[in-house]
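What follows is a set of notes on a single structure, which appears directly below.
In what follows, every chain begins at residue 1, and chains take the letters A, B, ... in the order their sequences are listed.
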Number of protein chains: 2
Amino acid sequence: MTTNEPGWDLYRSFLAVMREGSLSAAARALGMTQPSLGRHMRQLETELGVALFARSPQGLAPTENAHELVPHAQAMAAASAALRRVASASNHEIRGVVRLTCSEVVGAEVLPPMLAAFRRQHPGIVIELSLSNQSEDLLRKDADIAVRMLRPAQTALVARRIGGIPLGLHAHRSYLKTYGRPLTVADLQQHALIGFDRETPALRALRSRLPFSREDFALRTDNDLAQLAAIRAGFGIGVCQCPIARRDRELVHLLPDAFALELDTWLVMHEDLRASRRVRLLYDYLVQALGAYVGGQA
Amino acid sequence: MTTNEPGWDLYRSFLAVMREGSLSAAARALGMTQPSLGRHMRQLETELGVALFARSPQGLAPTENAHELVPHAQAMAAASAALRRVASASNHEIRGVVRLTCSEVVGAEVLPPMLAAFRRQHPGIVIELSLSNQSEDLLRKDADIAVRMLRPAQTALVARRIGGIPLGLHAHRSYLKTYGRPLTVADLQQHALIGFDRETPALRALRSRLPFSREDFALRTDNDLAQLAAIRAGFGIGVCQCPIARRDRELVHLLPDAFALELDTWLVMHEDLRASRRVRLLYDYLVQALGAYVGGQA
DNA sequence: CTTCTGCTATACATAAATGCATGACGACGA
DNA sequence: TCGTCGTCATGCATTTATGTATAGCAGAAG
C-alpha cells in the first residue's frame, strides 16, 4: 500500500463532515455538494489507509480512528484562520482583523462599550469577538487576544494582570420590596438564591469560601448571563460583578462585608503578535480600559 | 473585494514555493508542474487580497507579507504531518509511525543502538528521527517525543528527568603520544583545543564555569559531531560526553577533577500521546535505556 | 400502511484544474 | 558575442474534479 499524502483540502472536508455530522450537512456548510464530499472521504480513507466512517442511510458514523484525527485537523483550521487574519493587512497598518476571546459576561456586558469607543478611534480594524467560557487556545492561535480569569501558565504568551474584579451579592429593588432585605448571612436561607448548576473546577476551588452550596439555590444555571438576567428580572439574589451592577440603579449590593470575592483578570496575547500594530493597539487599549473598569471608573 | 477563503491546498503550494525559492523548484518537490503552481500563487494573492511575490525572470521575490504568513502555513504542515502519523495505525496497536527529535550527538551516537534494540522488540513501529540542535516544537506536534537538555517550561507536556550526562575533556591516544598529556589546567594553553565558534545562548550560561574562551581554540566549530570527529581524529583536546568516549579505548579522559560538567537530560512528549500505545512504548523504553546510559551501564 | 424527510450511492454531463509545449527574459561562462 | 541554463508566462489539449439528477434505503409522522 503506497498511500500518497492527501491534499490538504481533504482535511478541510473531513473536518466539516465531522463537525456537521453528515455529508449533506457538510456540503451545505462548505458550499459544495454531497457527492463531492463523499468522494473526498473515500479518497481520504484510501490515502490514509484507515477506515474513517461506517456508512449508513441515516448518516456517517465516525470510527474511533476518525475521532483521533479531529484535533489535528482543527489545528490546521486554526492555523489557516490565523494566516488569513495576518493577511488581512500588513503588520504596520492600522487596519485588518483582530480576534478576541473572553468569557460570556465580559463579552456581553463589559467589552461592548469599550470596543465601540475603540472603533471610533480606529475604524479600519475589524474585531472578531468569540464568547466562550472554556478559553480558546492562544498558543494554537485560535484567537489573538484573550481576557482570562486565570494567570496563563505558558511562556510564549504576553500576560498582563488587570486587577481583581469585585464580585458581590445583588438583587433587584422590586424583589427586595416584596421579600424584604436580608440583613445577615443567615437571612439568605429564606430567600430565592440564584447559583450554579454543576460544579465547575473554578467553583470548587472557591467553594470553601462560599456561604452556600448547590442545594440552597432556587435557580440553578451555569450560564452567567442567565444568572445576571435572573437578578435583573427580580427572581432573587445572586452573585455578579459589582461594576456591572453599579451601572443599574435598580440593583442593590447586599451584605458587602459578609460576601466579597475578586475575579483575578488577565489580558493575554501571543508573543509573535507584539509586532502587529493593530493587535498591539487593541491590547494596549484594553489594558487601559479594563484597568479603569476594575478600578471602578467605568 | 469579496475575497473567498482559499483552499488549503493553496497553502501547501505556497509553503513549497517559499521553501524552495521558485515555482519550478517547488513544482519538482511537489510532483506538480510550474504553470500549476504559478496559477496557485496568483489565486492565493487574489483571494487573500495581498501581494505575495514580486515576479522576475530569476525567480519570485517574496514580499514582507509573504514572510509573515510562513509560520502559519508551517503550523498547518506540522498538523498535517501529525495527523498522518496518528492515522498510521490505531492507538492501541503496536504499529505505526513515531517521530523523535534530539540533538545531533544524541541522535548520531547515543540513540542508534537503543533504537536497534527497540526495533527488535517491536518491528511494526516505524521511527522517524529528526536531528536538530534547535529543538522542534512539541506543542505544535513537530515531533512525538523529544530528548531535551533543558527542562521544558510548558505545561501540557509530559517531562521526565533522565539524569545528568557527564561531560569531560578528551583526547585521542595518538595525539597525547605526540604532544604529551596535560597535567594541569594551565597546561591546556599549550595544546590544540577544540571548541565552539559562535557563542550559543546555552554556552553563554556555562561560560563562567569554563576554563577557556573562544580565543583559545585551535579548531572552532558549532557542530558537535565535527568536534567529536576531531577528537577521534587526534586533532587535539575537546569536550564530549563521557559515556561516548568510554566506548572507545583510544580516547582518554583528561583532568577529570578540574573539569566536570553535566548535561541535564529530559525526555518529553505531548500529553495527548500518552494514550498512544506505540508512542508510550518507545517513551518508556527510552526512559529506561537513557537512564542506563546516563548511569554508565551502556 | 403510506407519505414525507433525511441520508448515501451512482451515472452522466459539465466545469475546472492540470500538464505539455512554447516563448520571452536575464544571468553566466566560453 | 553566442550558447546554455535557469526562471516565469501563455495557449491549448487532456485529465480530473465537480455538480445535477436519480435511485435506494431507513426512520418519523400522519
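Computed from coordinates, the B/Q43 CD to D/dA9 C1' distance equals 17 Å when rounded to whole Å. In this structure, CD of A/E45 is placed 14 Å from C1' of C/dA9, rounded to the nearest angstrom. What separates CG of B/L60 from P of D/dG6 is a distance of 17 Å, to the nearest Å. Remark: P of D/dA26 and CZ of A/R55 are 17 Å apart, rounded to the nearest angstrom. Taking atom CG on A/L10 and atom C1' on D/dT16, their separation rounds to 13 Å, with Å as the unit. Rounded to an integer number of Å, the gap from A/D9 CG to D/dT16 P is 17 Å. In this structure, A/L44 places its CG atom 14 Å from P of D/dA17, rounding to the nearest Å. Spacing between atom CE of B/M41 and atom P of C/dA17 amounts to 14 Å, rounded to whole angstrom units.
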Can A/R39 and A/E45 be said to form a salt bridge (charged side-chain N to carboxylate O under 4.0 Å, His left out), step by step?
CA-CA 10 Å; A/R39 286 184 286 255; A/E45 285 182 318; over 6 Å; no

Under 3.5 Å, N/O pairs linking protein and nucleotides 18-20 of chain D:
residue	atom	partner	partner atom	Å
D/dT18	OP1	A/H40	NE2	3.2
D/dT18	OP2	A/H40	NE2	3.2
D/dT18	O5'	A/S36	OG	3.3
D/dG19	OP2	A/T33	N	3.3
D/dG19	OP2	A/T33	OG1	2.8
D/dG19	N7	A/R39	NH2	3.3

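Applying the ring pair (Phe, Tyr, Trp, His ring centres under 6.0 Å) test to A/F217 and every residue at least two apart in sequence or in another chain returns A/F196, A/F212. Applying the ring pair (Phe, Tyr, Trp, His ring centres under 6.0 Å) rule to B/H122 yields the partners B/F118; only residues at least two apart in sequence or on another chain are considered.
No side-chain donor-acceptor contact under 3.5 Å links B/S103 and B/D224.
Note on B/E68 versus A/R85: no salt bridge recorded, every NZ/NE/NH1/NH2 to OD/OE distance being 4.0 Å or above. No salt bridge links A/R280 with A/E271; every basic N to acidic carboxylate O contact stays at or beyond 4.0 Å. A salt bridge links B/D272 with B/K141: the closest approach of a Lys/Arg side-chain nitrogen to an acidic carboxylate oxygen falls below 4.0 angstrom. Using a cutoff of 4.0 Å between basic side-chain nitrogens and carboxylate oxygens, A/D197 and A/R214 are scored as salt-bridged.
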Extract all donor-acceptor atom pairs below 3.5 Å that involve side chains of residues 26-37 of chain B and protein atoms in other chains or at least two apart in sequence.
none

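In the region residues 16-25 of chain A, proximity to DNA chain D at under 4.0 angstrom, judged on heavy atoms, holds for none of the residues. DNA chain D is contacted by no residue of residues 62-70 of chain A, taking any non-hydrogen atom closer than 4.0 Å.
When side chains are defined from C-beta on, B/V17 counts as touching B/L60, because their heavy atoms get closer than 4.5 Å.
More than 12 heavy-atom neighbours from other residues, nucleotides or ligands sit within 6.0 angstrom of CZ on B/R220.
Residue A/R28 has a polar side-chain atom (N or O) positioned under 4.0 Å from OP1 or OP2 of C/dC7.
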